[in-house]
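A, B, ... follow the sequence lines: proteins, then strands. Residue 1 opens every chain.
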Amino acid sequence: MRIVQATADDREMNVWEQLPDGRIQHHRHAPEFSFFLRKKDVTEELRRFLTRSSLLTAHREEGDFIRFSWKEDAARKLLIYGRRGVESPLKEVGVEIFEGDVRPVRRFLVDKDCEIARPRRCYVDIETDSRVPFSRKEEARILSIVAKDDVGGRHRFLLPEDSNRAEADMLAQYWEALGAYDQVLAWNGDRFDFPVLKARTEGNRVRVQMARWLQLDHLALFKRMNTAAESGDEKQSMALQAIAMQFLGEGKDDFDASKTWEAWEAGGESRARMLEYNEKDVDLLVKLEAKTGFCDLFQAIAEVCRVLPDSIGLLPTQQMDGFMLRLGAQRGLRFRTKIRREEGDEETFEGAFVLEPKEKGIIKNVHVCDFAGMYPSIMLSWNMSPETRLKMGAGKGQKVAQAPVTRECFDVEGEGILTVALRQLISMRKEWTSKKTKEPPGTPAWKDADRKSTAYKVVANSFYGVVGSQSSRFYDSSVAESVTTTGRWLIQRTIQEAAKRGMIAIYGDTDSLFVRGCSREEFREFVAWTNEELYPKLAQEQGCVENHIKLEYEKEFERLIFAGAKKRYCGSYAHFKGAEATADSKPEIKGLEYKRGDSVVLARRFQGRIIDILCKQKEERPSVFREVVEQVKSRVLQGNLERFEYVISKSVSKPLNEYVQKKKLDGSPAAQPPHIVIAKQLKADGHEVHEGTKIEYVVVDGEDGIKAVSAIGYEGDFDRYYLWENLVYPPTQRLLEGAFPDYDWTVGLASVRPKFSKRGKPLKGQALLLGSEEYVVEVDAFEMGRGVIEQIRTLATKHPGQVRLVIQLTTETGERIRTETPYGVLPNVKFRDDLRGLVASAAEYRFFEEAYKGCVSS
DNA sequence: ACCTATCTGATGGCTG
DNA sequence: CAGCCATCAGAT
C-alpha cells in the first residue's frame, strides 16, 4: 500500500492511498493508541486490571510482548505518565512500557505493509492585505494565490472584490485546483501561508478537508539541506528573494511587497502587477528545486525512513523513529517510551578530538587522510547499541567489545539493533552507488540512484546524533560518548604510528588528520598499512568481532594557512583523491569569516581577496599583502560604501522574552545583545520576529556612544572606525598573521580611530586652536566621531559662548572648502545627521551636505 | 525537537 | 585605559 498522506485525531484516522493507476483512495480508520508490555511483566492481576477498562479496545500477544490498544490517548497517557498527584499505576508496580508515545499515524505506517508514495507536488505563494501587521496575519484578507508545479501546471487566483464572499469563492477555487496535488510547498509556509490559508478557509466557512495535503515548508527544507554553502553570502539572508539571487542569479522584482493592499485597491494594471509578483515568487520555488533537487532528496529520505514528506518529516528524530520502529517491529523488538524531560536535568558527554594546529606560516605539501564514515563504522565494529551495552560490565566468559576510553562493554554475541540498521543502510547505499555507476551520468535513472545513495548516507550519519539527543527515543549518552571517544582514540593511535615513521601530524579534527613530512607514495603506503594491519589489530584487541574502520587518503594541500586557531584555515590542493589540481581549482576554506553569514560583506570580500592571493596567486611577499590592506583600509575609512557592504546580520535563536536579562553590580539592567535590542523594537512595530529571523543592523557612532540601529530603511551614517577595527580588519589580520607570523600586522592598521591627546595637543590631521577670547576647534569632517564631539562639548561647557567650529573639506576636484560656525549650545550632535545643529543657516547646511558628498579625503 | 568542539564579538567587572 | 577574565550568544 502506497501512502500519500495520513492524519489522526482522537476520534479518527484518515489515510490517503495512492492506487497503482495513480488515483487516490481515502480510508477512514479508528486511531490506535497502544503500548507494549513485556509478557513476563504482565501478571494475571495486571492483565485483569488492564482488561477491565472499557477504554481498552484490544490486547494481543506479539512475540515477547503484549500490545494493549486504547480508544483514546488520554487513557493511555494516564497509565503511562499518571496524573498530577497520582503516580502511573504501571510505574508503581515497576513495569516498563514500550512505545507508549507512538502516535496512531506512525503506528499505522510501522505496522502495516506501507510504502511512502511519491506525492504530486506543487508550490504555492499568497499575497495578503499589507495593512494588517504580521502578528495578526490570520485577519488579513488574501488578495491573490498562485500555485504551480514542476511540469508547467499553473493556477492563479485574484480577489475580484473586497468581500468575504469573494474571498470564500477564491479559496474554494484554489482548493479545487489543489485536488490535482498531494504535497504543497511554500517559503516560510509553516509560519505564514499555511496558517493564513487555514484561518481564512475556516473563517469563511469554505468546506474542504485540508488535512488531505502534505505541507512542507520550503524554507525549512532549504535550511536543512543547504549544508555545503560556498560562502557566507548564501547564509546572510533567508528571504526568498535573497536566496534566489544567490542560487538562480535572479534579481528583485520592482514591486513593493509592503504595498499589496494599495496595489490591489488601485485595480487594473496595478492589481495585475501584484499577481505577476505573486507568480514570480512561485516560479522561484520551482526553479530553486530544479537547481538544488533538495525536495527530491528529501523524498528519498522519507521513503527510506517511512516518514511522510512534510515539515515534521524533516526532523532527524522522526526519521530515525520511522526507520527503527519498523525494523524493530519486523524483529519482534520494541523500544522504550520517550520520556518527558524536565528542564535543567540535561546531561553532557564528551565529544570529538581536535588537534591544535602545530605549525605557522604558509605550510607546504600537507597530506590529509580521514576515516570513512567514522561514527557509523565505530558503532558497527563495536556492535554499539542501547540494548547491547552491558550496564553491569562483562560477565564471566561473555564475549564483549570494549570501548577503549569509556570502558563500556558491548555484547558481541548477537547483533545490536542499531548495528542491524546501520548495516542495512550502508549496504543499501552501496547498492545504489553501484546502480548509479551503471547509468549514464545526468540521466533520470542516474539522478534517482544518486539521490537514493545520498539518502542512505544521510540517514546512517544522523543516527549517532539522534542517539546523543536527549529528546530522542534512542538516547543513550554512554553509547554516544563511547562513539566519540573511540574516535579520539583511533585518531591518537594513528598520530602515534605516523610519528614512528617520521611523519608529523600538524592538525586533525574529529575524523581527519593533516600530515607533513612524507611523500605521496609514503603516505599512501602508511594509509594502506593502517587499514591492513593497525585497525584490524586494534579492533581485535578490544574484542570487536568485525572491523569496519577505514582510513582514506583524501587529498594533499599544496599550501595551507591556519588563521591562528583550530577549525579555521584555507589552502589550495595539490590533488584531490588523486586528481591533480588545476589553476582554477577552488581553494578550500573552513571556518573563516568568508564562510559566515554573520560577518559583514566587506569582511568577507576582503578576506576572500587575501585568500585568493595566498592560495591561487601563491604570493609570498608580505609587502604585496600590505598594499592590498592599505587600499581596503582607505576605502573603508573614506570611500563611498554601499549599505549592503556594512550591514550586520544575526539570527534570533529563541523567543525574545527568553533572553537573560542580566543585572549590573549597581542593580541596573545590563545591555542585551545589539540584535536582540533591535529585534524587540521591530516586533513592537509590528514586524515579523521569531526564532530564526535574521536581524540586519548597522553600527553608528552616536553622540551617546556606539550603538546599533536597524538596517531597515536606514540611510544615515555609520561608524567607519568601528567597522574597520572590529569587523573588517581582524578576520584578515588573523589570516595574515597565520601566513606571515613574523610581520607586524598591527601597527598602523589595527587601531585607526583618532584620539585627542589629553594635554590638548592635536593629533595629526587635526588642529585644536585655543584663542584667548574665543576657542576654535578645527577638525576633519570624517573625524567627527564621538571623541571629537565630546571634546568640543567639554570645551563648550567650560567656556560658554566662546567656542567656534571650523570645518574644512576637500572635494573630489581638490577644492578646499572651509567655514567657521559658532558652536553655541550643542544639541546632540552628529556630523551628518545633526549638521543643522552645527551651522548657522539652512543655506550653510545645504552647502555642507553637498560638500560632504563630494569628499574623497579630509 | 541530531551531537560536541571551537571560535569570535558584545558586554561587564576587575586591576594596575 | 589597556589587559584580562567571565558570560552569553551565534555560527561553523
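In this structure, A:N726 reaches the sugar-phosphate backbone alone: every heavy-atom distance under 4.0 Å involves primed, P, OP1 or OP2 atoms, never a base. Heavy atoms of A:F349 sit under 4.0 angstrom from primed sugar atoms or phosphate atoms, though from no base atom. Across all strands shown, A:S469 has heavy atoms under 4.0 Å from sugar-phosphate atoms exclusively, and none from any base. Residue contacts for A:V483: at a heavy-atom cut-off of 4.0 Å it reaches no nucleic acid atom on any strand shown. Residue A:G465 is classed as a base contact, given a heavy-atom separation below 4.0 Å to a base. Contacts of A:E350 with the nucleic acid, taken as non-hydrogen atoms under 4.0 Å apart, involve only primed sugar atoms and P, OP1 or OP2. Residue contacts shown for A:R596 include a base, since a base heavy atom lies under 4.0 Å away.
Applying the 4.0 Å criterion to OP1 and OP2 of C:dT12, one finds that A:K235 has a side-chain N or O inside that range. Contact check, A:H675 against C:dA9: no side-chain N or O comes under 4.0 Å of OP1 or OP2. Residue A:R224 places at least one side-chain N or O under 4.0 Å from the OP1 or OP2 atom of B:dC2. Of the side-chain N and O atoms in A:K654, one or more sit less than 4.0 angstrom from OP1 or OP2 of C:dA9. Under 4.0 angstrom from either OP1 or OP2 of C:dG10 there lies at least one side-chain N or O belonging to A:Y659. Contact annotation: A:K567 does not reach the phosphate of B:dC7 (side-chain N/O to OP1 or OP2, under 4.0 Å). Proximity of A:T317 to the phosphate of B:dC2: a side-chain N or O atom is located under 4.0 Å from OP1 or OP2. Not one side-chain nitrogen or oxygen of A:R734 sits closer than 4.0 Å to the OP1 or OP2 atom of B:dC7. Put simply, A:S651 has a side-chain N or O that comes within less than 4.0 Å of OP1 or OP2 on C:dA11.
Atom name C1', nucleotides C:dT7 and B:dC3: the rounded distance is 23 Å, in whole Å. For the P atoms, the distance linking B:dA1 with C:dA9 amounts to 16 Å, nearest Å.
Salt-bridge annotation for A:D509 and A:K566: absent, with no side-chain N of the basic residue lying under 4.0 Å from a carboxylate O of the acidic one.
Rounded to whole angstrom, the span from the CG atom of A:D511 across to the P atom of B:dA5 amounts to 15 Å. For the pair A:K650 NZ and C:dA11 P, the interatomic distance rounds to 8 Å; values are reported in whole Å. We find that CD of A:E593 is positioned 13 Å from C1' of B:dT6, with the value rounded to whole Å. Here B:dC2 presents its P atom at 14 Å from OH of A:Y464, a figure rounded to the nearest Å. The distance between atom CD of A:E725 and atom P of B:dG9, rounded to the nearest whole Å, is 13 Å. Rounded to an integer number of Å, the gap from CD of A:Q661 to C1' of C:dT7 is 14 Å. Note: CG (A:D321) to C1' (B:dA1) measures 12 Å, nearest angstrom. Summarising the geometry, the separation between OH on A:Y569 and C1' on B:dC7 is reported as 14 Å, rounded to the nearest angstrom.
For A:S471, counting side-chain heavy atoms from C-beta on, the closest listed nucleotide (B:dC2, C:dA9, B:dT11) is B:dC2. Which of B:dC2, B:dA10, B:dC7 sits closest to the side chain of A:Y722 comes down to B:dA10. In this structure, of C:dA11, C:dG10, B:dA5, it is C:dG10 that holds the atom nearest to the side chain of A:I676. Side-chain atoms of A:D598 lie closest to C:dA11 of the nucleotides B:dC2, B:dG9, C:dA11. When the nucleotides B:dC2, B:dA5, C:dA9 are ranked by their closest atom to the side chain of A:L315, B:dC2 comes out on top.
Aromatic ring centroids of A:F335 and A:F98 lie 6.0 Å or more apart.
Under the side-chain hydrogen bond (donor to acceptor under 3.5 Å, both in side chains) rule, A:E99 has a single partner from A:R107, A:R473, A:R106, which is A:R107. Between A:F371 and the choices A:L513, A:T510, A:I378, A:T494, the side-chain contact (heavy atoms from CB on, under 4.5 Å) rule is met once, by A:T494.
With hydrogens and angles disregarded, no donor-acceptor distance shorter than 3.5 Å links the side chain of A:K338 to the backbone of A:D101.
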- prompt: Does the pair A:S377 and A:W382 meet the rule for a side-chain contact (heavy atoms from CB on, under 4.5 Å), with working shown?
  reply: CA-CA 9 Å; A:S377 74; A:W382 270 259; over 6 Å; no
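Within the model, atoms CD of A:E645 and CG of A:L602 stand 4.5 Å from one another, a figure rounded to the nearest 0.5 Å.
Comparing A:P731 and A:A670 by the nucleotide of DNA chain B that holds the closest heavy atom to each, the one mapping nearer the 5' end is A:P731.
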